[in-house]
Amino acid sequence: MDMHDYPGPLTILYRDESIVVIDKPAGLLVHRTALARREKWFAMQMLRDQIGLHVFPVHRLDRPTSGAMIFALNAEVARLLSVQFEQHSIEKSYIALVRGWLNHAAVLNYALKEELDKIADKKANQDKQAQEAVTQYSPIALFELPIAAGRYQTARYSLLKLQPKTGRKHQLRRHMAHLRHPIIGDTTHGDGKQNRAFAGATEVSRLMLHAHSLDFTHPVTQQHMALCAPLPSDWQGLCGQDIWPCSTISPFI
């Protein structure tokens, strides 16, 4: 998605007096950074202008990742939600398309060194020890497509449910790469040959990672909240192309 001409408005999945949950499009930055001076659109500013209220981000989604994201509507609610995130009491579930067949469920506990940017993090400690990183994963579907990548005329893929139990930068992308099942469309940690083959066959070149659901306790009412962001239209379009069976993705639409 070309965010330079993004028209909006953002899709709001839930809103009350304390919180608002949006379905962030792939390609949209959450807020302004020193590395994005030329960008025009940011979820935080767009949502503020859309609802006419100041909003407080309490967690992050990588730019290429789509899906459910919470904003607080005042500083105290932001603090309460931040505590829930720090205590890992908010359950986040993602849907990912990865290379190869991963046909078992497991928990990966593999520490990750903090990824530092050469410009934005040039004053940070470059020798910081690796931090604990835990991801639970389980297969949704395995399939093989007539997509030639390298010496093979077909390509195998797995559709996975991923649940990060910690919040390290690029954790899901790095963990899947560590398992040798990189997420399709990941230009940093993925398989370039597979990415190009999939994009050429499907005309979908985005990172195939979607934040599908958030399960948490409302910070004010203490009510249990379970919110879902349906799979984006480009994912759903793959069903129409017979890329995978519609029954596979229908529960997430």
Side-chain angles (χ1 to χ4, degrees), residues 1-3 6-14 21-28 61-69 91-105 135-150 152-164 172-173 176-177 179 181-187 189-215 226-253:
M1 179 183 293
D2 184 359
M3 302 311 300
Y6 184 70
L10 294 169
T11 298
I12 294 178
L13 302 171
Y14 176 84
V21 180
I22 68 166
D23 186 355
K24 186 189 83 68
L28 181 63
L61 278 183
D62 292 342
R63 179 178 184 167
T65 304
S66 58
M69 184 172 187
E91 186 172 280
K92 298 179 287 183
S93 295
Y94 293 72
I95 305 299
L97 181 69
V98 306
R99 182 190 71 184
W101 284 358
L102 188 56
N103 57 8
H104 65 279
T135 299
Q136 182 175 329
Y137 60 90
S138 57
I140 298 168
L142 311 178
F143 47 94
E144 190 168 7
L145 301 176
I147 296 176
Y152 300 105
Q153 295 306 304
T154 61
R156 291 180 171 182
Y157 300 96
S158 298
L159 197 65
L160 302 179
K161 178 181 180 180
L162 304 178
Q163 294 177 288
L172 299 181
R173 297 159 66 178
M176 289 302 102
L179 291 174
H181 293 281
I183 298 174
I184 298 300
D186 187 346
T187 57
H189 308 283
D191 183 325
K193 187 178 295 184
Q194 287 281 350
N195 292 344
R196 289 189 293 273
F198 184 83
T202 65
E203 297 184 357
V204 176
S205 57
R206 57 159 291 175
L207 175 71
M208 298 300 286
L209 180 64
H210 178 69
H212 178 250
S213 66
L214 289 166
D215 201 293
L227 301 172
C228 294
L231 286 181
S233 58
D234 46 9
W235 288 58
Q236 295 182 37
L238 297 178
C239 176
Q241 295 181 41
D242 293 326
I243 297 300
W244 55 47
C246 292
S247 58
T248 298
I249 66 170
S250 59
F252 310 107
I253 295 176

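All residue numbers refer to positions in the sequence shown, counting from 1. None of the values given here were measured: they were computed from a predicted structure.
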Given salt bridge (Lys or Arg N to Asp or Glu O under 4.0 Å), test R173 with D62 step by step and report yes or no. CA-CA 10 Å; R173 297 159 66 178; D62 292 342; 3.4 Å; yes
Check whether any side-chain N or O of [X] sits under 3.5 Å from a backbone N or O of [Y] as a donor-acceptor pair, and report yes or no.
| X | Y | answer |
| --- | --- | --- |
| T202 | V204 | yes |
| S205 | A199 | no |
| W101 | F143 | yes |
| D215 | L227 | no |
| K193 | A197 | no |
| T135 | L172 | no |
| R63 | G27 | yes |
| K24 | T65 | yes |
| Q194 | I184 | no |

State the [atom1]-[atom2] distance between [X] and [Y], to the nearest 0.5 angstrom.
| X | Y | atom1 | atom2 | result |
| --- | --- | --- | --- | --- |
| H181 | D191 | NE2 | CG | 12.0 Å |
| E203 | L238 | CD | CG | 10.5 Å |
| L102 | S138 | CG | OG | 9.5 Å |
| D23 | T11 | CG | OG1 | 5.5 Å |
| Q136 | E91 | CD | CD | 7.5 Å |
| L207 | T187 | CG | OG1 | 8.0 Å |

Any [X] side-chain heavy atom under 4.5 Å of [Y] side chain:
| X | Y | result |
| --- | --- | --- |
| R156 | L142 | no |
| P232 | S66 | yes |
| M176 | P182 | no |
| P139 | S158 | no |
| I95 | L160 | no |

Taking every non-hydrogen atom, the tightest pair across [X] and [Y]:
| X | Y | answer |
| --- | --- | --- |
| I183 | M208 | CG2-O, 3.4 Å |
| G185 | N195 | N-OD1, 2.7 Å |
| L214 | K92 | CD2-CG, 3.5 Å |
| K161 | S93 | CE-OG, 3.6 Å |
| L61 | A211 | CD2-CB, 3.9 Å |
| L13 | I22 | CD1-O, 3.7 Å |

Is it true that, when you exclude Y152 itself, more than 12 heavy atoms of the residues, nucleotides or ligands shown sit nearer than 6.0 Å to its OH?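 It does not: Y152 OH has 12 such atoms or fewer within range.
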On the 0 to 90° scale, with breaks at 30° and 60°, tag the H210-W235 ring pair as parallel, tilted or perpendicular.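 The arrangement is tilted - the two ring planes meet at 30° to 60°.
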Mind checking what makes ring pair (Phe, Tyr, Trp, His ring centres under 6.0 Å) contact with Y157, not counting sequence neighbours?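 In terms of ring pair (Phe, Tyr, Trp, His ring centres under 6.0 Å), with neighbours along the sequence ignored, Y157 is linked to F198.
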